[in-house]
There are 2 protein chains.
Amino acid sequence: MNTLAEENYLKALYHLTVQAPEGAYTNDIAAYLQTKASSVTDMLKKLSSKKLVHYKKYQGVILSKKGKQKALQVIRKHRLWEYFLVEKLNFRWDEVHEIAEQLEHIQSDELINRIDKLLGFPKYDPHGDPIPDADGYFEEIPFLTLFAIPIGETVTVCGVIDSSVSFLKLIENIGLTIGTLIKVEEIFEFDHSLKIAIPSKKTKVLVSQQISKNVLVKIKK
Amino acid sequence: MNTLAEENYLKALYHLTVQAPEGAYTNDIAAYLQTKASSVTDMLKKLSSKKLVHYKKYQGVILSKKGKQKALQVIRKHRLWEYFLVEKLNFRWDEVHEIAEQLEHIQSDELINRIDKLLGFPKYDPHGDPIPDADGYFEEIPFLTLFAIPIGETVTVCGVIDSSVSFLKLIENIGLTIGTLIKVEEIFEFDHSLKIAIPSKKTKVLVSQQISKNVLVKIKK
DNA sequence: AATAATATTTAGATAAGTCTAAAAAATAAT
DNA sequence: ATTATTTTTTAGACTTATCTAAATATTATT
């Protein structure tokens, strides 16, 4: 069993190395966790002695197989709790992150598996991120960004790239929540903004390029 | 905000002093928390400096008003989470304590209030222990649950523990409304269900354990 | 009232996780 | 290739919560 601090480092390392197989750097980890580089070095030594990471001084760090598995279990718990908070307790999806940061450290396989069952074994969380199963397995869906959708196409919102509170508040406010069916009606050459129709709300909304590049969608088939 | 260790001491002090207004003793606290007397002394000093307890060297300790309030909030969370685990995730009562010991330290008033609402604002847990409300107020159970009544006894229904709509509909439907005189005719070992006679309606009804644990009764004198 | 037994506190140590400041290594620039 | 800059690590200190062992206070016994 790992401490809370260890779990947070494993999770951070997972997120920092998922798109960077060469490894994570001390300063980046420190920035990500809002701590100091020296603290990171200390923890990397500890995780290394526990065989959770492959670490050599000055050489960056990657998760070991064991470390990756542990990280995925924490991520699984985080995403399932977020789903629970939104689905069962009617939190908005921009409110759940901090609470899930605490709940993800509750130690009980049985508990999280029953939460999983209660929720109907969801594969994706409210942000559209995949939820690993009890063995750490998950499937990434090759979502497109709204930015890449041509005029006339109808798509379903299924996630976001930027999951900051400020962005979530924005899309909540304009009605682009997960599951919403939308249609791209126009693309303005001037600034690449889009006119989007939301049939369920009978509204239309103008969306900037910056927004459209952060909204993930699935093409309706 | 208090640390996990502080919360555990406050809770322990509450339980140790609820029936002993003169105060708790260092060794008793140490035995209760499975720690050493010297550790207790250290923590009592800390809690005292935070005005959470009234403590004088060698003189025992009692909770301050503030400390009692904090303790009750932890107890509230513990009992609500236990109720949740049993009610929504189908854990048995003997399985929930350890998980609730972790969940009780999650810091979010909004979360526990929504859990409270989800459960129908229960006033007592199925052990008959009262659940403090958001202000720390609670009523000691003056009744027994139907579950605890032996064969042959005649009792009056005087309340429920689960006050959710679904449960109220159920007991309304089978006739176990407040004021009803009932007699326990049989207890089936198989699933601890009861056969109840309702003389006023000249009917008999089979009541599951889950139901009997949520019906409060007063023994007829 | 003096001594024995018990309870409590203090002193000093340990472990986890963090920090600052200084040293060392790696990388970039001249 | 040497110097400058950046990055990373080390050394030492701090905090929280714990421990053991010794000291002190309280209570009980004679």
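Protein chains get the first letters and strands the later ones, always in sequence-line order, with residue 1 at the start of each. Everything numeric in this text was worked out from a predicted model, so none of it was measured.
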Under 4.0 Å protein heavy-atom contacts per nucleotide of nucleotides 6-11 of chain C, with B for base, S for backbone only and - for none: -SBBB-

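Applying the side-chain hydrogen bond (donor to acceptor under 3.5 Å, both in side chains) criterion to Ser193(A), with sequence neighbours excluded, gives Asp191(A). With sequence neighbours left out, Thr180(A) forms a side-chain hydrogen bond (donor to acceptor under 3.5 Å, both in side chains) with Thr177(A). For Ser38(A), the side-chain contact (heavy atoms from CB on, under 4.5 Å) partners are Lys36(A), not counting sequence neighbours. Qualifying side-chain hydrogen bond (donor to acceptor under 3.5 Å, both in side chains) partners for Asp162(A), counting only residues two or more places apart in sequence or in other chains: Ser164(A). The side-chain contact (heavy atoms from CB on, under 4.5 Å) search around Val205(A) returns Ile174(A), Ile196(A), Ile198(A), Val207(A), not counting sequence neighbours. For the side-chain hydrogen bond (donor to acceptor under 3.5 Å, both in side chains) test, residues two or more places apart in sequence or in another chain that qualify with Lys213(A) are Gln209(A).
The side chain to side chain donor-acceptor pair (under 3.5 Å) contacts involving residues 138-151 of chain A comprise nothing, where partners must be two or more places apart or lie in separate chains. Residue pairs meeting the salt bridge (charged side-chain N to carboxylate O under 4.0 Å, His left out) criterion with at least one member in residues 111-124 of chain B, sequence neighbours excluded: Arg76(B)-Asp116(B), Glu110(B)-Arg114(B). Pairs of residues two or more places apart, or lying in two chains, that qualify as salt bridge (charged side-chain N to carboxylate O under 4.0 Å, His left out) and include a residue from residues 5-28 of chain A are Glu6(A)-Lys46(A), Glu6(A)-Lys50(A), Lys11(A)-Glu101(A), Lys11(A)-Glu104(A).
Only at 4.0 angstrom or more do the heavy atoms of residues 67-74 of chain A sit from any atom of DNA chain C, so none qualifies. Of the residues in residues 11-22 of chain B, none has a non-hydrogen atom less than 4.0 angstrom from any atom of DNA chain D.
The NZ-P distance, from Lys36(A) to dT7(D), rounds to 15 Å in whole Å. Whole-Å rounding puts the Leu47(B) CG to dT16(D) C1' distance at 13 Å. Atoms CD (Glu6(B)) and P (dT18(D)) sit 10 Å apart, rounded to a whole Å. Look at CG on Asn8(B): it is 17 Å from P on dT16(D), rounded to the nearest Å.
A distance of 7.5 Å separates CD1 of Ile106(A) from CG of Leu111(A), quoted to the nearest 0.5 Å.
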